[in-house]
Amino acid sequence: MARRYDPGRRQRIIDAAIRVVGRDGIAGLSHRTVAAEADVPLGSMTYHFASLDELLVAALRQANEGFAAAVRDSGVLADADRDPAGELARLMGEWLGRERSGVELEYELYLAALRRPALRPVAAEWTDGVTEVLARRSDPVTARALVALMDGICLQVLLTDAPYDEEYAREMLTRILSAGAGAGAPPGELSGEGGLPGGNPGEDGGNRRPA
């Protein structure tokens, strides 16, 4: 019997893998569980993805698009008169306020790179992509510090079940932006309309929270 033409099968497999990880974690992922979830023949799994790592790379790349796309699409980064720290803090709050299982899934795929080296370049794509967007109105060093802080805050909220504090996030982002401007970033960039009242923009190197 001729193979039925099924152009959407590869995408269905990726979507199914994301659902399996969301429900059962990385440990529950196998060619068999994903094939059952996607309702495709087991043999088609290795046709599209030779290994589970290849499938996880595709799943992680798809999951990465959530927050990165929100940052790219944010009009505040193109408007020098708006508060970029406040906008970034708001975007984090919106992302963390989504369905909890979806947010945890994105981080589970992201952190899987700790033990699966094949995923590390894709995990780095998220960091590099957001950094590139922020660096357009800042500088690469400051932008990378912003990404590290946002990543760290999100991870702490997820791991500790602590409520997200948008004002704290805005304040810390403002400090980094002000420090970047004080270190010689071109005027009019992401530092916005001013740092913290009475703050020294160059004093708090400890604001770069590890992700």
Side-chain angles (χ1 to χ4, degrees), residues 10-38 45-74 88-89 91-135 138 140-162 164 169 172-173 176 207-211:
R10 185 179 190 277
Q11 184 59 52
R12 290 207 314 278
I13 291 172
I14 295 171
D15 293 340
I18 289 174
R19 291 195 300 272
V20 169
V21 173
R23 184 181 64 237
D24 303 325
I26 296 291
L29 191 76
S30 69
H31 282 123
R32 189 173 298 279
T33 58
V34 175
E37 181 71 27
M45 292 294 301
T46 52
Y47 174 80
H48 290 285
F49 300 98
S51 68
L52 284 179
D53 277 353
E54 283 189 19
L55 178 56
L56 280 169
V57 163
L60 176 56
R61 186 167 279 124
Q62 180 167 307
N64 275 350
E65 273 302 294
F67 186 73
V71 173
R72 282 197 307 269
D73 296 342
S74 173
L88 291 172
L91 288 173
M92 278 197 293
E94 287 184 354
W95 184 73
L96 288 167
R98 293 164 44 197
E99 182 183 356
R100 181 73 175 210
S101 61
V103 177
E104 290 175 349
L105 164 66
E106 291 183 33
Y107 256 97
E108 181 159 9
L109 287 167
Y110 180 59
L111 293 175
L114 288 171
R115 295 191 178 275
R116 292 179 180 263
L119 299 185
R120 291 174 190 170
V122 187
E125 286 176 11
W126 181 89
T127 300
D128 294 341
V130 178
T131 298
E132 181 182 356
V133 173
L134 299 181
S138 178
V141 173
T142 300
R144 189 163 292 278
L146 289 169
V147 172
L149 175 63
M150 291 189 292
D151 203 14
I153 288 175
C154 290
L155 189 56
Q156 287 178 4
V157 169
L158 292 173
L159 292 178
T160 65
D161 283 328
Y164 172 65
M172 293 300 102
L173 289 164
I176 289 178
N207 293 325
R208 295 181 177 87
R209 299 281 182 92

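It should be emphasised that the depicted structure is a prediction, and the values quoted were computed from it without experimental measurement.
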Separation between CG (Leu158) and CG (Leu111), nearest 0.5 Å, reads 9.0 Å
Do Phe49 and Val34 come close enough that some side-chain heavy atom pair is under 4.5 Å? no
Could you measure the distance from the CG atom of Asp53 to the CG atom of Leu119? Nearest 0.5 Å is fine. 5.5 Å
Between the main-chain N or O of Ala89 and the side-chain N or O of Tyr164, is there a donor-acceptor pair closer than 3.5 Å? yes
Separation of Leu173 CG from Thr142 OG1 (nearest 0.5 Å): 12.0 Å
Between Val157 and Ala162, the two heavy atoms sitting closest are CG1-O, 3.3 Å
Can you find a heavy atom in the side chain of Met150 that is under 4.5 Å from one in the side chain of Leu134? yes
Which distance, rounded to the nearest 0.5 Å, do you find between the CG of Leu149 and the CD1 of Ile176? 4.5 Å
Could you check whether any side-chain heavy atom of Ile26 comes within less than 4.5 Å of a side-chain heavy atom of Arg115, counting everything from C-beta outward? no
Does the pair Trp126 and Tyr107 meet the rule for a ring-ring contact (aromatic ring centres under 6.0 Å, His included), with working shown? CA-CA 11 Å; Trp126 181 89; Tyr107 256 97; 7.6 Å; no
Applying salt bridge (Lys or Arg N to Asp or Glu O under 4.0 Å), run through Arg144 and Asp128 and close with a yes or a no. CA-CA 8 Å; Arg144 189 163 292 278; Asp128 294 341; 3.3 Å; yes
Let me confirm one number: the CD-NE2 distance from Glu54 to His48, rounded to the nearest 0.5 Å. 12.0 Å
Is any side-chain heavy atom of Thr131 closer than 4.5 Å to a side-chain heavy atom of Pro140? no
Closer than 3.5 angstrom, by distance alone: can the side chain of Glu125 be matched with the main-chain N or O of Arg61 as a donor-acceptor pair? no
Atom CG in Leu109, atom CD1 in Ile18: separation rounded to 0.5 Å? 6.5 Å
Would you name the heavy atoms of Ala123 and Leu60 that are closest together and state the gap between them? N-CD2, 3.9 Å
